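Beneath this line is the structure, given in structure tokens, with notes to follow.
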Amino acid sequence: MQRQQSFLNNNPTLYLVATPIGNLEDITYRAVRILKEVDVIFAEDTRVSRVLLNYYNITTHLKNYHEYVKEAKGKEILNYLEQNQNVALVSDAGMPIISDPGYDISKKCMEKGYNVVIIPGPSALLSGLVTSGLNPHPFLFYGFISNKQSQRIKQLEGIKDYSSTLIFYESPHRIKDFLNDALAVLGDRKMALAREITKKFEEIIHGTISEVLEICDDLKGEFVLVIDGNYDVKTYDSLSIIEHVNLYIKEGLSNMDAIKKTAKDRGLKKQDVYNAYHNE
């Protein structure tokens with residue numbers, strides 16, 4: 001067990017700093033102070049972060065940290081901490097780690113006993129959720145789904161029965177493919193599409209998947225997609241495995257197909273359901 005009380009020790013600190021997702025004014029006083037006080041800032045894209053730093057007259061040394069250099073840059077961050085220097089990590093927008101770099105290095109810092117402190121702030125997924133008009137509790141944040149159709153369909157199949165509100169990130173050139181597959185797998189559910197959140201052309205579109213699909217060719221920007229959960233999920237908690245299998249057999253399935261479907265419904269191995277059914 002490991003307990004961290006960040007402000008009760010003198011260990012060096014890695015600050016995970018949330019940055020604006022559009023409007024540069026959406027940053028906390030604390031975040032600006034921390035970015036000025038740390039010894040170095042590591043950013044997903046230094047060109048993007050430089051705009052923010054210049055806006056707030058932050059002159060702290062800036063270095064890059066992104067997915068393709070995370071091993072080398074992770075070692076560099078640890079080196080700063082070993083020299084008793086404090087480090088801030090930012091992504092292009094929003095929270096580090098959430099569909100952005102930062103997980104690997106924060107985990108290593110925790111394992112080595114350094115402080116890892118969050119400086120909270122803007123989040124695209126939460127902003128999209130609270131403006132969606134859909135049930136906020138519970139929700140499942142999926143982030144970016146696969147860009148390969150076969151894998152994307154498989155991923156959607158895996159969550160289609162969840163009653164939780166579903167949240168995805170998507171880019172303009174993939175939005176139509178995503179919505180087509182979502183319509184086929186999830187059905188025509190209510191949804192909201194939030195684009196350009198906090199920016200000049202911010203827009204929240206409410207409708208069904210098919211309605212949003214009709215206009216998606218004209219949409220630009222980065223998208224947060226919020227889709228209604230499945231409220232019609234059948235539950236089989238009151239049935240024994242035998243009763244569950246027999247229910248499908250009565251519906252016309254073969255014994256083996258009924259066993260397979262029962263195993264999938266209950267999250268069990270097919271062999272376990274087979275054994276339970278035939279050993280009764």
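Just the heavy atoms: all of them, side chains too, but no hydrogens, waters or symmetry mates, feed the values below. Since this is a predicted model, take the numbers as computed values, not measurements.
- Taking 4.5 Å as the limit, some side-chain heavy atom of R30 sits within range of a side-chain heavy atom of P120.
- Checking side-chain atoms of T13 against main-chain N and O of Y15 turns up no donor-acceptor pair under 3.5 Å.
- Both I118 and L14 are assigned to one and the same hydrophobic cluster, defined by single-linkage of ILVMFWY side chains at heavy-atom distances under 4.5 Å.
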Worksheet entry | Residues N64, K73; criterion side-chain hydrogen bond (donor to acceptor under 3.5 Å, both in side chains); working and verdict | CA-CA 8 Å; N64 69 322; K73 294 297 182 176; 3.2 Å; yes
Worksheet item: Would L166 and L186 count as a side-chain contact (heavy atoms from CB on, under 4.5 Å) if you check the C-alpha gap in whole Å, the side-chain angles of each, and the deciding distance to 0.1 Å?
Response: CA-CA 11 Å; L166 307 174; L186 305 178; 4.3 Å; yes
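- Using modelled atom types, no side-chain atom of Q151 and backbone atom of S146 make a donor-acceptor pair closer than 3.5 Å.
- In this structure, the side chains of I175 and L219 stay at 4.5 Å or more apart for every pair of heavy atoms.
- Side-chain contact check for I77 versus K63: every heavy-atom pair is 4.5 Å or farther apart.
- Cluster annotation: V17 is connected to V51 through the hydrophobic network of ILVMFWY side chains, with a link wherever side-chain heavy atoms come within less than 4.5 Å.
- Interatomic distance, CE of M191 versus OG1 of T165, reported as 12.0 Å (0.5 Å rounding).
- Taking 4.0 Å as the cut-off between side-chain N and carboxylate O, K160 and E157 count as a salt-bridged pair.
- In this structure, E196 does not pair ionically with K200, as no charged nitrogen and carboxylate oxygen lie closer than 4.0 Å.
- Within the 4.5 Å cutoff, the side chain of S49 has no heavy atoms near those of the L52 side chain.
- Residues L89 and V69 are members of separate hydrophobic clusters, defined by side-chain heavy-atom contacts under 4.5 angstrom among Ile, Leu, Val, Met, Phe, Trp and Tyr.
- The line from CD1 of I58 to CG of L35 is 4.5 Å long, rounded to the nearest 0.5 Å.
- The closest donor-acceptor contact from the side chain of N11 to the backbone of G113 lies under 3.5 Å.
- Using a 4.0 Å cut-off between a side-chain N of Lys or Arg and a carboxylate O of Asp or Glu, R33 and E37 qualify as a salt bridge.
- Ring pair F168/F144: centre-to-centre distance not below 6.0 Å.
- Interatomic distance, CG of L126 versus CE of M95, reported as 9.0 Å (0.5 Å rounding).
- Contact annotation: the side chain of V226 never approaches that of L125 to less than 4.5 Å [non-hydrogen atoms, C-beta and beyond].
- By the rule that hydrophobic residues join a cluster once side-chain heavy atoms approach within less than 4.5 Å of another member, V48 and I98 end up as members of separate clusters.
- Using modelled atom types and a 3.5 Å distance limit, the side chains of D45 and Y65 yield no donor-acceptor pair.
- Counting heavy atoms from C-beta outward, L78 and C109 have side chains that approach closer than 4.5 Å.
- Surrounding NZ of K190 are at most 12 heavy atoms belonging to other residues, nucleotides or ligands under 6.0 Å away.
- Aromatic rings of Y169 and F141 (six-membered ring for Trp) have centroids within the 6.0 Å cut-off, being under it.
- Hydrophobic clustering keeps I204 apart from F178 (ILVMFWY residues linked when any side-chain heavy atoms are closer than 4.5 Å, directly or through intermediates).
- Of the inter-residue distances, the one linking Q85 atom CD with L81 atom CG reads 9.0 Å to the nearest 0.5 angstrom.
- Within a 6.0 Å radius of OH in Y103, other residues, nucleotides and ligands contribute 12 heavy atoms or fewer.
- A pairwise comparison of heavy atoms in Y80 and H61 identifies OH-CD2, 4.3 Å as the closest pair.
- Here the shortest heavy-atom pairing between A258 and T262 reads O-OG1, 2.8 Å.
- A donor-acceptor contact shorter than 3.5 Å links the side chain of R195 to the backbone of K220.
- Atom NZ of K261 sits about 12.0 Å away from atom OG of S254, to the nearest 0.5 Å.
- From D177, atom CG reaches atom CD of E170 across 8.5 Å, with rounding to the nearest 0.5 Å.
- Between I242 and N246 there is a side-chain heavy-atom pair separated by less than 4.5 Å.
- Side-chain atoms of D188 and S210 include a donor-acceptor pair closer than 3.5 Å.
- A salt bridge links E71 with K108: the distance from a Lys NZ or Arg NE/NH1/NH2 to an Asp or Glu carboxylate oxygen falls below 4.0 Å.
- Side chains of T198 and N23: no donor on one and acceptor on the other come within 3.5 Å.
- S163 places none of its side-chain heavy atoms less than 4.5 Å from the side chain of N230.
- The heavy-atom pair separating S106 from V116 by the smallest distance is O-CG2, 3.8 Å.
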